Protein chains: 4
Amino acid sequence: MSASKRQPRRRGRPQGDEVKVAILKAANELLEEQGYSGFTIEAVAARAGAARSTIYRWWPNRGALAMAGFLSETAPKIAYKWTKSPISDIKKQMMVVAEVYSGKVGRTISALVAQSQRDPETLKALLEGYVQPRREEAKRVLMRGIECGELRKNIDLDIVVDSLYGPIWYRIVVPHAPISARWAGKLADQVFRGLRPE
Amino acid sequence: MSASKRQPRRRGRPQGDEVKVAILKAANELLEEQGYSGFTIEAVAARAGAARSTIYRWWPNRGALAMAGFLSETAPKIAYKWTKSPISDIKKQMMVVAEVYSGKVGRTISALVAQSQRDPETLKALLEGYVQPRREEAKRVLMRGIECGELRKNIDLDIVVDSLYGPIWYRIVVPHAPISARWAGKLADQVFRGLRPE
Amino acid sequence: MSASKRQPRRRGRPQGDEVKVAILKAANELLEEQGYSGFTIEAVAARAGAARSTIYRWWPNRGALAMAGFLSETAPKIAYKWTKSPISDIKKQMMVVAEVYSGKVGRTISALVAQSQRDPETLKALLEGYVQPRREEAKRVLMRGIECGELRKNIDLDIVVDSLYGPIWYRIVVPHAPISARWAGKLADQVFRGLRPE
Amino acid sequence: MSASKRQPRRRGRPQGDEVKVAILKAANELLEEQGYSGFTIEAVAARAGAARSTIYRWWPNRGALAMAGFLSETAPKIAYKWTKSPISDIKKQMMVVAEVYSGKVGRTISALVAQSQRDPETLKALLEGYVQPRREEAKRVLMRGIECGELRKNIDLDIVVDSLYGPIWYRIVVPHAPISARWAGKLADQVFRGLRPE
DNA sequence: GTCTAAACGAGACGGTACGTCCGGTCTTACA
DNA sequence: TGTAAGACCGGACGTACCGTCTCGTTTAGAC
């Protein structure tokens, strides 16, 4: 029968997306507004109008919830859009990123980093769900830069990525000075100056 | 002249250095062993053989205690010793620092960073008590490098420091890959390549 | 008619009577055994096998818990049962009360009185929950005594009640001499001798 | 040496009564003003301008201090002065006592009673230092009353004293209604009515 | 249309750590 | 030696959340 191949479709009430969305939204807002303190399961539940138990049904602990909130709402906003010459692209993207990170998103990220220190699961999610994919993306662009001759051949891509993004994360979590697009641009210039073909 | 050194010596029972030292030592050990979770006032008190109230007499909250423990014990271990050519000095020091940070100290630092996200006082202490002084020190060495011609004149010292140490902090708090002296050396090489006089 | 008794049954998990009962029982035992010192929220929680937070969910502080324990367990044991001639009834009841108060219940009461000195809420609860109701009951019996001619008409009921029960409370909280049924009997005799119709 | 025959005159600084007096005064004021809560060793020390350790030198714990404060300052103020016919004397004295107890002294006494519940030493001091002497005094007056024919011969003095003073203490520690001289007078009248010779 | 199992809200519960308060002891400097 | 100052241990307080659990209610799909 043709219908036999349909997905089994379990019995009871289906999951009702609105609740989940409301929870993630609330989680995000709290992270943005108050950072990691204030990001309480109780506070999220209250703001979302959901029950604490519902949150625990879908996420194992508050680290996971924080990550999910970030990935679902914030991360998409800062997606890369690669277009022109690799070096110029990266520089422009870094300036955009710096701009975005200097605001609420920075608070969210530092909250996630903080939570990662105590919860290995959160760390894993942060690395695999956010950091690694973006590093890979950056490396691909850098390879294009090598191919088209903008960059030296014998560079260590990981170190370059560390050089480009490390300082940004550094200033997010150790805010000894504000982050600005201008600063990010000068940072990119300096890094790339050391990567020009001889 | 002899009377000039007379310290006033306050009235009551003097502070009994052993207790304070034991507390800081215990605080450090717990930070190193277990990171920020497990770093509990109660645990510190128990390990130090002190009363919780004694801890609260001297430090207002656990963030402050964590910072104090770090500054008193760990920080001295990774003091700089500048000697020879600035570039070479910095590279060698970065490799040492990377080595040290890759172990227990890294865990302590990431714990402090985490705590800084929720407690502004801890952040302030971290910046003023550790980050800023070390940045200043690094900048002084870089200036020596400019003076002796190893480095370009028109460099932004803050950005250079960010480039050198940002990636290290980044890898401490976002451990996507291990920290090693070799990695730090290559990082230094790459940064300095962009700073050579034309 | 049958639907009229429909209790609304609130939403969440119902209250689980066993816990509350266990807590009150433990509270009572501790009050009886050790008086007010030793009556610690922690001790009650430990003996009841409950969490401290559960106790605080239902009672705002330890005074309230002490009162609740007393009212739930001890108070019922010393309820009055009025039967025959009012004077004789009261005398017999006083002897019973003296007997009961001379034991563990006395310790509980003096503990409550002690707590009342520092916590106005406990005082309020003691007065409204125990003292006043029993005074009213006694006054009702005395009025019956007036009606049936056993007692003078022009007596001040409050003063009579003070005369009858005041000495008993006095000996509970200021134990200059033991309380006994015999003593209570003689006390009643003496008071009533002054209340006979001329 | 001729100086050897001088009075022994112990070595160091003599004891300086002022401190002790100031401490007792402060203790009393705190008891009167705030009852038993608020009566803190620290508070007493602060108000007296003395050191906590000085208090502990002279009194073993706060119960003892409270008792000492009461006995030294408050108790003398409410001493009896027997003059005329025993019955009339007692009635008048009860009215005075009621008047005094209804104010600050009442608060002090109930604080002492409260403390007696947890500290046997305080109880002992209260009984032996205040309650028993005054009971003995009252009994002596009552015996005079018997001798001069105002009172029956076959009365139990202890019960009479309980009847007279028990209600007053009762209303102090269980303030279900205010204490007044008028109330005390009526109370005395009623008790003595039952003690008239046949 | 009814049945039914999952989703969901509500909230009780055992725990753990917090930061505070205070008691009582002990150690020092000064008079 | 008495006193002031104050460090120290210890224990209970009441608070805030955590994560688990047990209910009653709702609801979309299966029958």
Side-chain angles (χ1 to χ4, degrees), chain A residues 8-20 23 39-43 45 48-62, chain B residues 8-20 37 39-43 45 49-62, chain C residues 8-20 23 37-43 45 48-62, chain D residues 9-16 18-20 23 37 39-43 45 48-62:
Chain A
R9 204 28 162 142
R10 295 208 314 284
R11 256 306 183 82
R13 171 176 173 177
Q15 200 214 310
D17 236 17
E18 304 141 21
V19 186
K20 234 167 166 170
I23 290 171
F39 178 75
T40 306
I41 297 284
E42 299 202 336
R52 257 154 26 88
S53 55
T54 301
I55 296 179
Y56 281 109
R57 183 188 313 276
W58 301 110
W59 297 276
N61 49 48
R62 69 177 182 158
Chain B
R9 195 53 158 119
R10 293 212 317 283
R11 261 298 187 87
R13 173 174 173 178
Q15 203 216 310
D17 235 19
E18 306 139 22
V19 186
K20 226 166 173 172
S37 67
F39 178 76
T40 298
I41 297 284
E42 301 204 333
R52 253 153 33 83
S53 55
T54 300
I55 295 180
Y56 281 110
R57 182 190 312 278
W58 300 111
W59 297 277
N61 50 49
R62 68 175 182 159
Chain C
R9 193 61 160 108
R10 293 213 317 284
R11 261 296 190 88
R13 172 174 172 176
Q15 201 215 310
D17 234 20
E18 305 138 22
V19 186
K20 227 167 174 171
I23 290 170
S37 66
F39 178 76
T40 298
I41 297 283
E42 301 204 334
R52 252 154 33 85
S53 54
T54 300
I55 295 179
Y56 281 110
R57 182 189 312 279
W58 300 111
W59 297 277
N61 50 49
R62 65 176 185 157
Chain D
R9 197 43 162 123
R10 295 208 315 282
R11 262 295 190 85
R13 170 175 177 178
Q15 198 212 310
E18 305 139 23
V19 187
K20 241 168 161 170
I23 290 171
S37 66
F39 178 73
T40 307
I41 296 285
E42 300 201 336
R52 256 152 29 88
S53 55
T54 302
I55 295 179
Y56 281 108
R57 181 187 312 277
W58 301 110
W59 298 275
N61 50 47
R62 68 174 180 158

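Every value quoted in this text rests on a predicted model; they were computed, and no experiment measured them. Side chains included, hydrogens not; waters and symmetry mates left out as well; all remaining heavy atoms used. Each chain gets a letter, A, B and so on, in the order its sequence line appears, and its residues count up from 1.
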Which of E/dC13, F/dG10, F/dA4 is nearest the side chain of D/Val19? It is F/dA4

Rounded to the nearest angstrom, tell me the gap between atom CG in C/Asp17 and atom C1' in E/dC13.
14 Å

Nucleotide N/O to protein N/O under 3.5 Å, stretch nucleotides 20-22 of chain E:
unit_1	atom_1	unit_2	atom_2	d
E/dT20	O4	B/Arg52	NH2	3.3

Can you name the closest pair of heavy atoms from B/Thr54 and B/Val19 and give their distance?
CG2-CG1, 4.0 Å

Partners meeting side chain to side chain contact (heavy atoms under 4.5 Å, CB included) with C/Glu42 (sequence neighbours left out):
C/Thr40, C/Arg52

Separation of E/dC13 C1' from C/Glu18 CD (nearest whole Å)
12 Å

Send over the distance from B/Asn61 CG to E/dG19 P, rounded to a whole Å.
6 Å

Here the pair of heavy atoms bringing A/Ala51 nearest to A/Ala45 is C-CB, 4.2 Å

Could you tell me how far apart C/Ile23 (CD1) and E/dA12 (C1') are, to the nearest whole angstrom?
11 Å

Within the structure, does a side-chain N or O atom of B/Thr54 lie under 4.0 Å from either OP1 or OP2 of F/dA7?
no

Rounding to 0.5 Å, atoms CD1 (C/Ile41) and CH2 (C/Trp59) come to a distance of 9.0 Å

Could you give the NZ-to-P distance, from D/Lys20 to F/dA4, as a whole number of Å?
13 Å

Can you name the side chain to side chain contact (heavy atoms under 4.5 Å, CB included) partners of D/Ala48, sequence neighbours left out?
D/Ala22, D/Ile23, D/Ala26, D/Ala50

Whole-Å gap separating P (F/dG14) and CZ (C/Arg57)
16 Å

Looking at every strand, decide which applies to C/Gly38 at a 4.0 Å heavy-atom threshold: base, sugar-phosphate, or nothing.
nothing

Report the end-to-end axis angle of the helix from E/dG1-F/dC31 to E/dA31-F/dT1; each axis comes from five terminal pairs, and the value is rounded to 10°.
10°

Can you sort out the partners of C/Arg62 under side chain to side chain donor-acceptor pair (under 3.5 Å), two or more places apart, ordered by chain and number?
C/Tyr36

Between C/Ala43 and B/Ala51, who's closer to the 5' end of DNA chain F by nearest nucleotide?
B/Ala51

Is C/Trp58 close enough to E/dC13 that one of its side-chain N or O atoms is under 4.0 Å from OP1 or OP2 there?
yes

Spacing of C/Ile55 atom CD1 relative to F/dT15 atom P, expressed in whole Å:
13 Å

Looking across every strand, which nucleic acid part, if any, lies under 4.0 Å from C/Ala45 by heavy atom: base, sugar-phosphate, or nothing?
nothing

